[in-house]
Amino acid sequence: LIEVIILVLLVVLSQAILLPRLKNSALRSSEQSMAALGTQLESQINHYISYSQSIIHIDTICNDITEYQQNPNSQNYNLLSLRLTEQCNNSDSIRGIQLESADGAIFRSVINLRDTDLAQLHAAWYQAILYGESTRFFGAIYDPGLSTPSDSLAYARRYYIGDDRYVLTIFFNCSDLTAIAETALTAFDGLLITDYMNSSVYEVGNIQESHSVYSSNPGLSLVETADGYYFFDVITSSSWNIVGYISNATLMQEYWNIFTACVTICTALCILTVMVAIPTMGHIVAPIHQLSLTMQQAAQGDTSVKAIVSGNDEIAELSSIFNEMLHNLNEHTAQKIAFETNEQKMRYNLLLAQIDSHFIGNTMSTINSLARQGKTSDVIALNTALLKIIQNNLRVRDLDITDTIAQEIEMVEQYWIISKIRQENHVVLSWDVADDILEENIPKNIIQPLVENSLFHGLTDELTGEMHGKINI
């Protein structure tokens with residue numbers, strides 16, 4: 001469940017936070033790629049322009065042109081053509097050179113130029129330079145039709161030698177230039193290069209509606225459409241416009257890669273968690289269920305049950321505590337039963353000893369005898385002592401099987417009064433009891449039987465029946 005919640009939160013947060021940030025980051029990266037591409041193409045174009053300028057200022061070529069103007073024969077013509085051919089051989093990037101004067105004289109390098117190259121000179125841009133409407137221009141990149149695939153580019157510019165106007169055209173092997181352009185496909189779906197008239201110079205990949213989009217949005221560097229984004233840049237030296245197109249899918253590919261990876265990881269975690277949780281939950285739930293059944297049996301009165309303890313986890317600890325609780329409960333119950341049984345036995349014995357009918361009868365007979373003899377004080381003493389003994393024996397509550405030491409002493413004193421009058425007892429009874437224990441409880445009527453047994457079985461003469469001696473308590 002936790003992984004599912006995390007997955008849902010991941011989707012929501014990625015749409016709300018991650019997607020806009022990655023989109024902006026991708027747009028900035030594409031803008032930087034377009035700027036870097038423009039810089040590289042500009043550098044290559046400047047190289048072509050610089051080379052053309054160097055040819056114009058070569059003295060031998062200028063002298064050969066002047067010599068031809070003064071003496072336009074085949075020898076001077078061929079010499080000038082050889083000079084142009086030498087320049088082609090000096091650089092691998094030049095396939096051919098043509099020089100055309102205002103009066104129609106044409107000088108060409110003697111190698112490499114093909115019909116596909118010369119066909120570029122029929123384009124409107126070349127005618128504009130030839131007739132003075134423009135000073136320089138790069139034509140479209142084309143395939144010259146060589147045995148090995150290659151790309152070529154014609155660059156023409158107008159210049160003067162003295163008062164005479166010439167058009168220098170250099171046919172470059174521009175494979176380096178197209179290679180730079182094709183590196184844009186690592187950042188864009190397609191790339192389009194146009195001239196200042198919006199004619200296509202070079203295109204590669206999926207350019208979609210690059211022509212119309214650029215025409216409709218002059219001066220902008222970025223245009224967003226429903227399908228994707230168009231990035232624009234300008235190569236000033238050649239008056240070329242660069243248009244890079246990237247679809248929404250390509251732009252957000254990084255986002256989708258991250259999102260897919262996150263979803264995959266979360267899904268894998270969910271599956272792994274379920275696979276681990278099923279046996280784990282079984283291991284956890286089974287002891288809990290067993291403990292629950294044991295508790296139900298105990299709640300129904302069967303305290304002899306015992307929970308199964310396995311392992312050393314929290315469930316095992318809980319089972320041990322439950323077993324210990326049942327053990328303590330059983331011990332307490334057994335002690336309670338034993339205590340109540342003993343208490344009932346003591347109560348029963350106490351009740352049996354509470355009233356001795358023979359003792360009472362004899363005491364009452366003694367009272368009657370003393371009354372007939374007129375011994376009023378003895379009658380009162382016996383009667384008072386007997387009443388206190390009877391009252392004490394009747395002072396019994398359900399759980400009152402003990403009495404204080406002071407109360408027991410009082411009862412023994414009352415018994416001793418009756419005994420001295422009835423049996424003419426000459427025995428001395430003395431007490432040595434500390435005051436601080438007089439309120440302590442002892443079993444009821446425990447002292448009086450001891451005193452009575454001592455009197456009759458220890459201090460009574462068997463022949464005369466007289467009682468002499470001393471009892472110390």
Side-chain angles (χ1 to χ4, degrees), residues 1-2 273-357 359 388-412 415 431-454 457 473:
L1 178 60
I2 295 176
T273 302
V274 171
M275 293 175 63
V276 173
I278 290 176
T280 303
M281 290 301 295
H283 178 72
I284 295 175
V285 172
I288 294 177
H289 179 67
Q290 183 62 41
L291 180 59
S292 176
L293 294 177
T294 304
M295 288 181 173
Q296 290 178 8
Q297 288 181 269
Q300 293 172 0
D302 184 6
T303 58
S304 64
V305 296
K306 187 175 182 181
I308 299 174
V309 180
S310 59
N312 56 357
D313 55 9
E314 290 79 2
I315 304 301
E317 183 179 358
L318 183 61
S319 299
S320 299
I321 294 174
F322 177 73
N323 289 338
E324 184 178 357
M325 181 188 70
L326 282 183
H327 175 72
N328 294 337
L329 179 62
N330 289 333
E331 281 193 348
H332 178 74
T333 302
Q335 292 174 359
K336 184 69 173 176
I337 292 173
F339 175 78
E340 289 182 353
T341 300
N342 292 332
E343 185 179 21
Q344 292 299 326
K345 288 181 180 179
M346 291 177 64
R347 190 182 303 280
Y348 178 73
N349 292 331
L350 180 61
L351 290 175
L352 290 179
Q354 279 181 352
I355 300 176
D356 188 342
S357 58
F359 173 78
K388 288 184 178 181
I389 290 175
I390 293 174
Q391 288 174 350
N392 181 69
N393 287 340
L394 294 178
R395 188 174 53 84
V396 179
R397 297 190 299 272
D398 289 342
L399 298 178
D400 190 9
I401 62 174
T402 63
D403 214 338
T404 63
I405 293 176
Q407 183 65 29
E408 285 298 294
I409 292 174
E410 174 66 20
M411 290 302 99
V412 172
Y415 168 78
W431 299 88
D432 184 13
V433 181
D435 294 338
D436 57 352
I437 66 170
L438 289 176
E439 297 303 319
E440 296 292 334
N441 286 323
I442 59 175
K444 195 176 183 68
N445 285 349
I446 194 173
I447 300 177
Q448 185 269 331
L450 296 176
V451 172
E452 185 176 358
N453 288 337
S454 298
H457 301 291
I473 303 175

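Partners of E331 by side chain to side chain donor-acceptor pair (under 3.5 Å), not counting sequence neighbours, listed by chain and number: H327. Take D302 and apply the side chain to side chain contact (heavy atoms under 4.5 Å, CB included) test, not counting sequence neighbours, and it matches Q297, S304, V305. Annotation: side chain to side chain contact (heavy atoms under 4.5 Å, CB included) contacts of I409 (sequence neighbours excluded): I405, E413, W431, V433, L438. Qualifying side chain to side chain contact (heavy atoms under 4.5 Å, CB included) partners for M325, counting only residues two or more places apart in sequence or in other chains: F322. Evaluation of the side chain to side chain contact (heavy atoms under 4.5 Å, CB included) rule for S454 yields I471 as partners, not counting sequence neighbours. Under the salt bridge (Lys or Arg N to Asp or Glu O under 4.0 Å) criterion, E410 pairs with K388, sequence neighbours left out.
Within 6.0 Å of atom NE2 in H457, more than 12 heavy atoms from other residues, nucleotides or ligands are found, so the atom counts as buried in its surroundings.
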### Task
Start with the C-alpha distance between D432 and I473, add both sets of side-chain angles, then the distance that settles side chain to side chain contact (heavy atoms under 4.5 Å, CB included), and finish with yes or no.
CA-CA 6 Å; D432 184 13; I473 303 175; over 6 Å; no

### side chain to side chain contact (heavy atoms under 4.5 Å, CB included) between V451 and Q448, worked out
CA-CA 5 Å; V451 172; Q448 185 269 331; 5.7 Å; no

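Taking all atoms of both residues into account, the shortest heavy-atom contact from T294 to K306 is CG2-C, 4.0 Å. Between N445 and E408, the shortest heavy-atom distance links the atoms N-OE1, 2.9 Å.
Here the CD-CD1 distance, from E452 to I447, works out to 14.0 Å after rounding to the nearest 0.5 Å. Distance CG/D403 to NZ/K444: 4.0 Å, rounded to 0.5 Å.
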